[in-house]
Amino acid sequence: MSVALTSLEVAGLVRDILLISFFAIGSVALIVGLVLGLVFYRRTKNLLDRVDAGVDRIESMVESVDSTASTVMKTATSVNRGMKAGEIARSAFSSVLHRGNGEPEDKNGKPGSGSE
């Protein structure tokens, strides 16, 4: 006994086979995509951890440089004040020493002949 299928039944069978194939391939693609995503996440996570550690090291170096710059600025200010105080003291000492010797001073305030 041969059973003949109508064109509607053949079309239904083809549709069912295509849907089953589509969902099977889609499921395999979804699983492959999930595995690749997890592998990519693991590698990216390690990379981001290393980048984060590097950023932390750079931040600590910047803080150290900032602290050093602040210390150098304070030291430079103190040295500058000390040099100005020394210049004032030298000028005062020089004027006290040269005042009593009777020699005329030149236009720069240094003892000399007085002539130019």
Side-chain angles (χ1 to χ4, degrees):
M1 211 187 210
S2 97
V3 178
L5 299 175
T6 63
S7 63
L8 289 177
E9 292 172 334
V10 171
L13 287 174
V14 170
R15 183 195 66 202
D16 290 343
I17 291 172
L18 287 176
L19 284 175
I20 291 170
S21 300
F22 175 76
F23 286 123
I25 292 171
S27 298
V28 169
L30 183 65
I31 291 171
V32 168
L34 181 64
V35 169
L36 289 176
L38 290 174
V39 169
F40 180 72
Y41 172 74
R42 186 180 308 155
R43 289 182 187 225
T44 304
K45 183 179 176 285
N46 290 337
L47 177 67
L48 288 178
D49 288 343
R50 285 185 284 182
V51 168
D52 192 33
V55 167
D56 288 342
R57 284 193 305 251
I58 290 172
E59 284 177 352
S60 68
M61 284 190 298
V62 167
E63 289 175 5
S64 175
V65 168
D66 189 36
S67 173
T68 303
S70 175
T71 302
V72 167
M73 186 179 294
K74 289 176 185 176
T75 304
T77 302
S78 298
V79 168
N80 191 16
R81 287 180 183 162
M83 289 181 71
K84 286 185 180 184
E87 185 179 321
I88 292 170
R90 182 176 51 90
S91 174
F93 186 70
S94 175
S95 68
V96 167
L97 282 181
H98 295 297
R99 193 176 282 183
N101 65 5
E103 291 182 18
E105 297 178 349
D106 64 4
K107 66 179 181 177
N108 292 327
K110 296 182 181 177
S113 64
S115 63
E116 297 176 13

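Computation of the quantities below employed the complete heavy-atom set of this structure, encompassing side-chain atoms and omitting hydrogens, waters and symmetry-equivalent molecules.
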- Message: Quick one, R42 and L38 - any side-chain contact, counting heavy atoms below 4.5 Å?
- Response: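 When only atoms from C-beta onward are counted, L38 and R42 do not touch, as no gap falls below 4.5 Å.
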* Taking T68 for the side chain and S64 for the main chain, is one N or O donor matched with an acceptor at less than 3.5 Å? ->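 Looks like yes, one N/O pair under 3.5 Å.
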* Pairwise distance CG(D49) to OG1(T44) - rounded to 0.5 angstrom ->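 It is 10.5 Å, given to the nearest 0.5 Å.
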Exercise. Among L34, V32, V39, which one satisfies side-chain contact (heavy atoms from CB on, under 4.5 Å) with L36?
Worked result: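 Output: one option passes, namely V32.
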### Message
Would you compute the distance between atom CZ of R15 and atom CD1 of I20 and round it to the nearest 0.5 angstrom?
### Response
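One gets 10.5 Å once the value is rounded to the nearest 0.5 Å.
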Transitive ILVMFWY side-chain link V10 to L13, under 4.5 Å: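 Yes; L13 is reachable from V10 via cluster members.
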Report the distance from atom CG of N80 to atom OG1 of T75, rounding to the nearest 0.5 Å.
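Those atoms lie 12.5 Å apart.
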- Donor-acceptor contact present, side-chain S78 to main-chain K74, <3.5 Å: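 Present.
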Exercise. For the atom pair CG (L48) and OH (Y41), what is the distance rounded to the nearest 0.5 Å?
Worked result: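 Nearest 0.5 Å value for the CG-OH distance: 9.0 Å.
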Donor-acceptor check, side chain of T77 to backbone of M73, threshold 3.5 angstrom: yes or no?
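Yes.
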